[in-house]
Amino acid sequence: MKKIILLVLFALTAITTSTAQEYKVVTSVESIVPSGLGRSRIIDANADRDFKEFTSEQTEEDNTRNKSKRSDIRVKDFEETKLLNFYNVAGIRFQNIAANDALISSKLSDMAQNGWELVFVTSGVEADAGNTDGQGIFITRYIFKR
């Protein structure tokens with residue numbers, strides 16, 4: 001009986017430890033364009049891509065460039081959640097930031113309920129560079145695993 005229990009525990013351990021990790025990236029893009037003219041979204045790709053299909057290796061003997069077509073890389077199957085822009089005509093809109101926080105929290109909670117663990121968050125900003133630069137985004141990438 002002890003041998004059977006040990007064998008079952010060993011089998012369960014082997015199955016658990018041999019399972020590969022799966023990663024998923026969800027991105028929020030929030031506009032910091034003055035007057036609220038930009039677009040803000042949460043983007044979650046539903047399609048998978050194998051990076052190996054779009055990767056080439058350069059060597060001293062063979063420096064052939066990567067011939068991948070952009071149209072083959074592009075993902076058209078994705079979930080897009082509308083967010084509000086940081087600015088409106090009157091300036092920064094704190095209610096919009098609070099609304100975005102609520103939507104992003106809802107997305108993160110849904111991911112957790114579906115077995116995803118948030119393991120890393122990274123963000124960056126391309127801010128307004130002066131009176132003539134009407135561009136700007138605040139981008140955050142949420143990296144999950146399961």
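Only heavy atoms go into these numbers, but all of them, side chains included; no hydrogens, no water, no symmetry mates. Quick note: residue numbers are just sequence positions, from 1.
Once rounded to the nearest 0.5 Å, the distance linking CD1 of Ile143 with OG1 of Thr140 reads 11.0 Å. The CD1 atom of Ile139 sits 7.5 Å away from the OG atom of Ser28 when rounded to the nearest 0.5 Å. Here the OH-CG distance, from Tyr142 to Asp44, works out to 12.5 Å after rounding to the nearest 0.5 Å.
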Between Met111 and Leu118, does the side chain to side chain contact (heavy atoms under 4.5 Å, CB included) criterion hold? Intermediate values first, please. CA-CA 8 Å; Met111 296 289 295; Leu118 181 63; over 6 Å; no
Might you work through the side chain to side chain contact (heavy atoms under 4.5 Å, CB included) test for Tyr87 and Ile32, ending with a clear yes or no? CA-CA 6 Å; Tyr87 289 98; Ile32 53 176; 4.0 Å; yes
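In this structure, Val89 is not a member of the same hydrophobic cluster as Ile92, with clusters built from ILVMFWY side-chain heavy atoms closer than 4.5 Å. A continuous path of hydrophobic side-chain contacts links Val25 to Phe120 [ILVMFWY only; heavy atoms under 4.5 Å]. Linking ILVMFWY residues whenever their side-chain heavy atoms come closer than 4.5 Å, directly or via other members, places Ile42 and Leu108 in the same cluster.
Within a 6.0 Å sphere centred on CZ of Arg39, heavy atoms belonging to other residues, nucleotides or ligands number 12 at most.
Residues Phe54 and Ile73 share a closest heavy-atom pair of CD2-CG1, 3.3 Å. For the pair Ser31 and Gly38, the tightest heavy-atom approach, listed with the atom from each and the gap, is OG-CA, 3.2 Å. Closest approach of Glu53 to Ser68, counting heavy atoms only: O-OG, 3.8 Å. Summarising the geometry of Arg49 relative to Val75, their closest heavy-atom pair is NH2-CA, 3.7 Å, with the distance given to 0.1 Å. The shortest non-hydrogen separation linking Arg141 to Thr27 is NE-OG1, 3.1 Å. Of all heavy-atom pairs between Phe51 and Thr55, the closest is O-OG1, 2.5 Å.
In terms of modelled atom types and a separation under 3.5 Å, the side chain of Asn114 and the main chain of Asp110 share a donor-acceptor contact.
Sequence neighbours left out, the pairs with a member in residues 64-82 that pass salt bridge (Lys or Arg N to Asp or Glu O under 4.0 Å) are Arg41-Glu80, Glu79-Lys107.
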Which side-chain N or O atoms in residues 95-103 pair as donor and acceptor under 3.5 Å with protein atoms at least two apart or in another chain?
unit_1	atom_1	unit_2	atom_2	d
Gln95	OE1	Arg93	NE	3.3
Gln95	OE1	Arg93	NH2	2.5
Asn96	ND2	Asn85	O	2.8
Asn100	OD1	Leu84	N	2.8
Asn100	ND2	Glu30	OE2	2.9
Asn100	ND2	Leu84	O	2.7

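In this structure, Phe86 and Phe138 have tilted ring planes: the angle between them lies in the 30° to 60° band.
Evaluation of the side-chain hydrogen bond (donor to acceptor under 3.5 Å, both in side chains) rule for Arg146 yields Glu22 as partners, not counting sequence neighbours.
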